[in-house]
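Small disclaimer: the values here were computed from a predicted structure and weren't measured.
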Amino acid sequence: MLEPVLSINHLQVSIRSRDGSMNEVTKDVTLELRDHEFVSVVGPSGSGKTTLLRAASGLRMPSGGEVLFEGRPVTEVPKGMAIVFQEYNKSLFPWLTIGKNVAIGAKEYPQPERVTRVEEALEQVGLKGFSTRYPWELSGGMQQRAALARAMVSNPKVLMMDEPFASVDALTRNHLEDVVQRLWAESNFSALMVTHDVGEAVYLSDRVFVLSARPSTILAEIKIDLPRPRSHLETKQMHRFVELQAEVLERVEEAGRESVGLPDDL
Amino acid sequence: MTSTQNVATAEQKSRFYSFSLGWLGLLALILLWQLAAILINKTIFPSFTTSIVAALHLITGPIFETDILPSIERTLEGFLISAVIGIAVGMLVGHYKSARSWTTSVFDFLRSLPTPLLVPVAVVIFGLNGHMVVATIVSGAIWPILINTANGTSTIEPTMIDTAKTYGLKGRSLFLRVVLPAASPQIFAGLRIALSVSLVIMVVAEMLGGGSGIGYFIANAQQSFNINGSYGGVIILAALGWIFDTSFLMLERRILSWQRGTVGGSANA
């Protein structure tokens with residue numbers, strides 16, 4: 001079998017709380033992301049999804065276990081990995097135009113090529129002609145698409161997404177999910193997304209991992225055997241989709257019940 | 001389109017009104033001064049017109065090169081040195097938590113020293129000259145820049161820093177391409193305060209031992225009962241302060257133009 005693109009082995013993450021004591025957020029998480037696979041991690045609020053993603057992408061040092069990207073240990077965000085954050089308005093640099101923001105992802109390429117790459121990436125997400133605008137001139141959904149373009153322009157092997165659609169309205173969310181689905185189908189990157197939205201995870205993924213309450217472990221792995229390409233109208237009406245969604249939701253609620261009484265500020 | 005044009009003209013109108021009202025206030029003050037001087041009629045209180053004439057004499061006379069230009073140079077030099085050091089140190093202190101805890105008490109102590117007290121020390125080190133004035137300016141003007149920069153840096157959204165790290169911006173390029181622009185609104189607020197502080201310290205330092213400069217000239221004029229000359233000097237100082245601040249605001253508006261739409265949240269989200 002092929003070596004996984006990203007493997008997270010017995011990852012443990014602790015956060016120093018304000019009083020100085022160490023707070024274990026992630027206890028033991030093991031999962032691998034195979035070549036051109038779409039994997040989601042869902043969990044109740046407070047299960048440390050964002051912390052897990054930050055540790056898996058090298059933005060935070062884990063206190064135990066290891067993360068391997070193409071076989072090499074991750075100590076900082078590796079080349080070939082791109083991250084899309086929930087807060088697009090804080091992730092795009094407000095002092096740069098959309099084109100210059102996207103160009104940050106393309107700085108590996110020499111100048112004449114860089115411009116065409118940026119234009120292509122903007123076109124891919126439906127933002128052709130917006131490169132001279134500033135982020136604040138765009139709607140929330142458009143800003144997140146610009147952030148996606150910045151991630152895509154670096155031609156990543158792995159795309160990490162932290163609740164990428166949580167800050168937009170429902171219709172925009174559907175649209176963005178399909179943009180991501182299309183990008184993923186057209187390119188050859190693997191995607192790891194953390195989300196609290198069970199329907200979204202089932203709709204997009206090949207496999208869904210359910211995280212337990214804090215300190216979190218993997219509670220369940222559910223294979224999503226829905227045909228691709230998927231569409232909101234058709235896929236979500238399928239009996240199998242409803243079944244899978246219910247299965248994942250049941251495990252998440254199970255995990256949520258355990259967490260009663262635990263702080264959920266993360 | 002007509003509605004937007006109407007809005008534009010209304011905006012222009014209100015801007016014109018506040019602009020002319022501002023000048024009206026100044027005019028009223030000048031009239032009051034003129035009237036009071038005429039009524040009191042004493043040589044120690046020259047009228048506005050007398051003072052303006054004295055100021056013009058100073059600007060066109062030899063004083064311009066021997067005192068006014070050196071004062072401008074010292075102020076700008078002290079301000080620029082403060083800006084470079086203040087912004088650089090402020091970004092480091094703001095970005096690294098450990099650096100902050102090490103330096104907080106040192107900086108708090110240093111910046112609470114009254115600047116005029118440092119003039120004798122600076123005189124001992126540099127002598128009675130422009131270097132002393134510049135050094136004294138830096139000792140006072142650096143703090144609003146440093147503190148504001150550190151504040152602006154430490155309150156940058158963590159997501160912004162994460163984004164920078166994601167795309168391989170680290171070390172110098174992290175500071176120059178992300179931290180500096182992200183903190184620039186606060187940095188500019190600090191710079192503006194520092195610019196007026198620089199002017200004040202320049203005058204004080206020159207009065208106490210500059211050897212030359214507007215402050216030195218005013219102090220001398222006072223002691224030799226050249227009343228008109230000292231009032232002329234004060235008017236030149238006021239004009240300088242206004243010119244500095246206005247040009248600074250123009251520069252700020254240009255550099256921070258990206259900020260217009262972001263202040264008060266995103267208009268389109």
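- Remark: B:Thr166 OG1 to A:Leu59 CG distance equals 5.0 Å, nearest 0.5 Å.
- A 6.0 Å sphere centred on CG of A:Asn188 holds no more than 12 heavy atoms belonging to other residues, nucleotides or ligands.
- A:Lys107 places no side-chain N or O within 3.5 Å of a backbone atom of B:Leu169 that could act as its donor or acceptor partner.
- If you measure heavy-atom distances from A:Glu76 to chain B, the contacts under 4.5 Å come from the side chain alone.
- Contact detail for A:Ser154 and B:Tyr167: the closest heavy-atom pair is OG-CE2, 4.5 Å.
- Taking CZ from A:Phe85 and CE from B:Met160, the interatomic distance works out to 11.5 Å, rounded to the nearest 0.5 Å.
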Steps toward side-chain hydrogen bond (donor to acceptor under 3.5 Å, both in side chains) verdict (A:Ser91, B:Thr159): CA-CA 6 Å; A:Ser91 166; B:Thr159 304; over 6 Å; no
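- Here B:Leu256 contributes atom CG and A:Trp95 contributes atom CH2; the two are 11.5 Å apart, rounded to the nearest 0.5 Å.
- The distance from atom CG of B:Asp162 to atom CZ of A:Arg60, rounded to the nearest 0.5 Å, is 10.0 Å.
- The number of heavy-atom neighbours closer than 6.0 Å to CZ of B:Arg100, taken from other residues, nucleotides and ligands shown, is above 12.
- In this structure, A:Met22 places its CE atom where more than 12 heavy-atom neighbours from other residues, nucleotides or ligands lie under 6.0 Å away.
- Of the inter-residue distances, the one linking B:Trp258 atom CH2 with A:Leu96 atom CG reads 9.5 Å to the nearest 0.5 angstrom.
- The candidate from A:Glu108, A:Met160, A:Arg54 with the greatest count of non-hydrogen atom pairs under 4.5 Å with chain B is A:Arg54.
- Put simply, CD on A:Glu87 and CD on B:Glu157 are 6.5 Å apart, with the number rounded to the nearest 0.5 Å.
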